[in-house]
Novice: 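Take a look at the following structure, please.
First listed ligand is number 1; within each ligand, the first listed atom is number 1. Quick note: numbers below take in every heavy atom, side chains included, and nothing from hydrogens, waters or symmetry partners. Everything numeric in this text was worked out from a predicted model, so none of it was measured.
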Amino acid sequence: MSEPKLVYSSKINKIRGFALLLIFIGIIIMYGGILTKNIPWLMFTFYFIGVLFILFSTAVYFWIGLLSTRAVPIICPECEKPTKMLGRVDACMHCKQPLTLDKALEGKEFDEKYNTRKYRKQLKEEQNKEQ
Ligand SMILES: [Zn+2]
């Protein structure tokens, strides 16, 4: 642990963490409903917001399911475990090794910007200039 190393987590894991957080927030808000059960309208409001958070989390889980079907399954070259990639660059789910599907990006420093539309557009423009 001598030099600081940036750790990237895979996108699917990040979204999963987000969905889990939403469930916790929902439960905490609903717990607020239990605490305020003497005030019916406040209790109802807490429950309603809590249920909204949990519904939203379910939607996010559903979205992860959809993303997973589009993700590219690969074997991580670093830890040799199967992982899934989303977009052109992503990190291994197990060892956080940055991975790329794009040969042009091989060896380059991992950056989320490689997945953005803006970067791709910029890359296209540069290629057009060279021709
Ligand atoms: Zn790995």
Novice: Indicate the atoms forming the closest heavy-atom contact of Cys95 with Cys79, along with that distance.
Specialist: SG-SG, 3.7 Å
Novice: Of all heavy-atom pairs between Ile54 and Met30, which one has the smallest distance, and what is that distance?
Specialist: CD1-SD, 3.9 Å
Novice: Got an N, O or S from His94 under 2.8 Å of the Zn ion (ligand 1)?
Specialist: no
Novice: To the nearest 10°, what's the angle at the Zn ion (ligand 1) between atoms SG (Cys76) and SG (Cys92)?
Specialist: 110°
Novice: For a 4.5 angstrom cut-off between non-hydrogen side-chain atoms, does Val89 reach Leu99?
Specialist: no
Novice: Can you tell me, to 10 degrees, how wide the angle at the Zn ion (ligand 1) is between SG on Cys79 and SG on Cys95?
Specialist: 110°
Novice: Taking everything shown except Phe56 itself, do over 12 heavy atoms lie less than 6.0 Å from its CZ?
Specialist: no
